[in-house]
Amino acid sequence: MSEISNQHKTVLDKLTAASKRAGLPAAALVAVSKVQPDARIAEMLKTGQRIYGENRVQEAQTRWGGTFADHRDGLELRLIGPLQTNKAADAVALFDVIETVDREKLLKALVKAVGPDGKMPRLYVQVNTGEETQKSGVRPADVPAFLTLMRETYNLEPEGLMCIPPMGEAASPHFWLLSNLAKDNGVSKLSMGMSGDYEIAAEMGATSVRVGSALFGARKS
Ligand SMILES: *Cc1c(COP(=O)(O)O)cnc(C)c1O
């Protein structure tokens, strides 16, 4: 077995065990392929891994609309990085899921970006659980109003909530907050947990975790 397939198996086994410990259905594994070399991605595709996360629209287009276009069928692509409104149409065309919805201007751009086929990706609202000034995401106190706006004014139903806890802080209080916001606002799914804390996230109710370096190895740059 290749190193990548070993790492994939290790992460999947730990993830499945963590969900099970909490008595929950297994969380989905999103393999974060940003910045990774093509050879590692080719190995990952061989494992049968089907869900991939990307930070940048253009990089994702090059990778999944170009280099690996032959593999695109049957894959689920998720945008997990910030989305500029001028890239909304490209994002709607390429991604199955957009996890970083965080402002009204973007809701407007997404609705406008829907093509003649009517396809709209499934949407997650990013919550800035640490209320960090440099981080995007809706502030926790503003989540109820933002969800109402999304549902009533834009007729968009969020599939879930997503968070990226502050670096160097324990993640579990942030996972707890996100989980409560979802419960209180009738949102069913939770995207939380990365390489360092995906098991904790799964135990706390993540329905998907976003794992990069633990699967692929460290990112260069
Ligand atoms: C890069 C990234 C990840 C993956 O990070 P790792 O620590 O390599 O697992 C997860 N989520 C987001 C939003 C990211 O940007």
Side-chain angles (χ1 to χ4, degrees), residues 28 30-36 51-69 72 75-140 142-143 145-167 174 178 181-182 185 187 189-194 206-212 219 221:
V30 178
V32 178
S33 42
K34 65 178 182 198
V35 195
Q36 295 289 351
I51 314 178
Y52 291 85
E54 292 283 352
N55 263 50
R56 290 165 175 275
V57 175
Q58 202 174 334
E59 181 187 339
Q61 281 174 324
T62 304
R63 180 167 296 126
W64 300 108
T67 318
F68 294 104
R72 176 69 183 87
L75 295 187
E76 178 177 300
L77 300 183
R78 296 187 174 215
L79 180 65
I80 62 171
L83 178 57
Q84 308 295 311
T85 49
N86 64 1
K87 297 270 172 66
D90 288 342
V92 165
L94 181 67
F95 289 99
D96 302 291
V97 180
I98 296 174
E99 296 202 0
T100 50
V101 175
D102 66 349
R103 60 201 190 280
E104 183 170 13
K105 212 175 150 211
L106 184 55
L107 293 174
K108 214 174 269 181
L110 288 169
V111 168
K112 218 175 130 195
V114 171
D117 63 357
K119 180 208 155 205
M120 172 66 95
R122 289 138 54 205
L123 303 175
Y124 283 60
V125 171
Q126 182 175 354
V127 182
N128 187 358
T129 57
E131 307 199 35
E132 296 170 278
T133 47
Q134 80 286 5
K135 197 168 269 170
S136 42
V138 178
R139 288 171 54 236
D142 298 335
V143 166
F146 187 76
L147 292 174
T148 300
L149 179 78
M150 191 169 168
R151 286 166 165 153
E152 293 182 4
T153 306
Y154 293 90
N155 200 23
L156 295 170
E157 182 57 32
E159 178 171 291
L161 302 182
M162 176 272 213
C163 76
I164 310 169
M167 295 265 284
H174 298 274
L178 195 73
L181 284 169
N185 291 283
V187 178
K189 298 204 171 178
L190 293 171
S191 169
M192 57 189 199
M194 317 196 330
T207 52
S208 59
V209 296
R210 311 176 305 269
V211 181
R219 284 181 292 276
S221 89

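These numbers come from a predicted model, not from an experiment.
- Rounding to the nearest 0.5 Å gives a distance of 10.5 Å between CD of Gln126 and CZ of Phe146.
- Looking at every heavy atom in both residues, Val35 comes nearest to Glu59 through N-OE2, 2.6 Å.
- Counting only distance, with no hydrogens or angles, the side chain of Arg56 and the backbone of Lys34 share no donor-acceptor pair below 3.5 Å.
- In terms of heavy atoms, His174 sits closest to Cys163 at O-SG, 4.3 Å.
- Every side chain to side chain contact (heavy atoms under 4.5 Å, CB included) that Val92 has, sequence neighbours left out, goes to Leu110, Ala113, Pro121.
- Taking the side chain as every heavy atom from C-beta outward, Met162 and Arg210 approach each other to under 4.5 Å.
- By the 6.0 Å contact criterion, CZ on Arg139 is open, its count of non-hydrogen atoms from other residues, nucleotides or ligands being 12 or less.
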Handout entry: Worked verdict on Ile80 versus Asn55 for side chain to side chain contact (heavy atoms under 4.5 Å, CB included)
Key = CA-CA 5 Å; Ile80 62 171; Asn55 263 50; 3.4 Å; yes
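- The pair Arg103-Asp142 fails the salt-bridge criterion, with no side-chain N (NZ, NE, NH1 or NH2) lying under 4.0 Å from an Asp/Glu carboxylate O.
- Shortest non-hydrogen contact noted between Gly65 and Ala69 is O-CB, 3.5 Å.
- Annotation: ring pair (Phe, Tyr, Trp, His ring centres under 6.0 Å) contacts of Tyr52 (sequence neighbours excluded): Trp64.
- To the nearest 0.5 Å, atoms OG1 (Thr129) and CG (Leu181) are separated by 9.0 Å.
- Here the side chains of Val125 and Asp102 are not in contact, with every heavy-atom distance at 4.5 Å or above.
- Heavy-atom contacts from other residues, nucleotides or ligands closer than 6.0 Å to CG of Asn86 number more than 12.
- No side-chain heavy atom of Lys112 sits under 4.5 Å from any side-chain heavy atom of Lys108.
- Under the side chain to side chain contact (heavy atoms under 4.5 Å, CB included) criterion, Val57 pairs with Gln61, Leu79, Leu83, Lys87, Asp90, Ala91, Phe95, sequence neighbours left out.
- A pairwise comparison of heavy atoms in Leu178 and Ser191 identifies CD2-O, 4.1 Å as the closest pair.
- What you find for Gln36 and Val32 is that their closest heavy atoms are CG-O, 4.3 Å.
- Proximity of Leu77 to Glu54: side-chain heavy atoms (C-beta onward) are nowhere separated by under 4.5 Å.
- Residues Leu123 and Met150 meet the side-chain proximity criterion, which asks for heavy atoms closer than 4.5 Å.
- Legend: residues meeting side chain to side chain contact (heavy atoms under 4.5 Å, CB included) with Glu132, ordered by chain and number and at least two apart, are Asn128, Gln134, Lys135, Pro166.
- With rounding to the nearest 0.5 angstrom, the CD atom of Glu99 is 9.5 Å from the CD1 atom of Ile164.
- What you find for Ser208 and Arg78 is that their closest heavy atoms are OG-NH1, 3.4 Å.
- When the side chain to side chain donor-acceptor pair (under 3.5 Å) test is applied to Glu152, no partner is found at least two apart in sequence or on another chain.
- Evaluation of the side chain to side chain contact (heavy atoms under 4.5 Å, CB included) rule for Lys189 yields Tyr124, Glu159, Thr207 as partners, not counting sequence neighbours.
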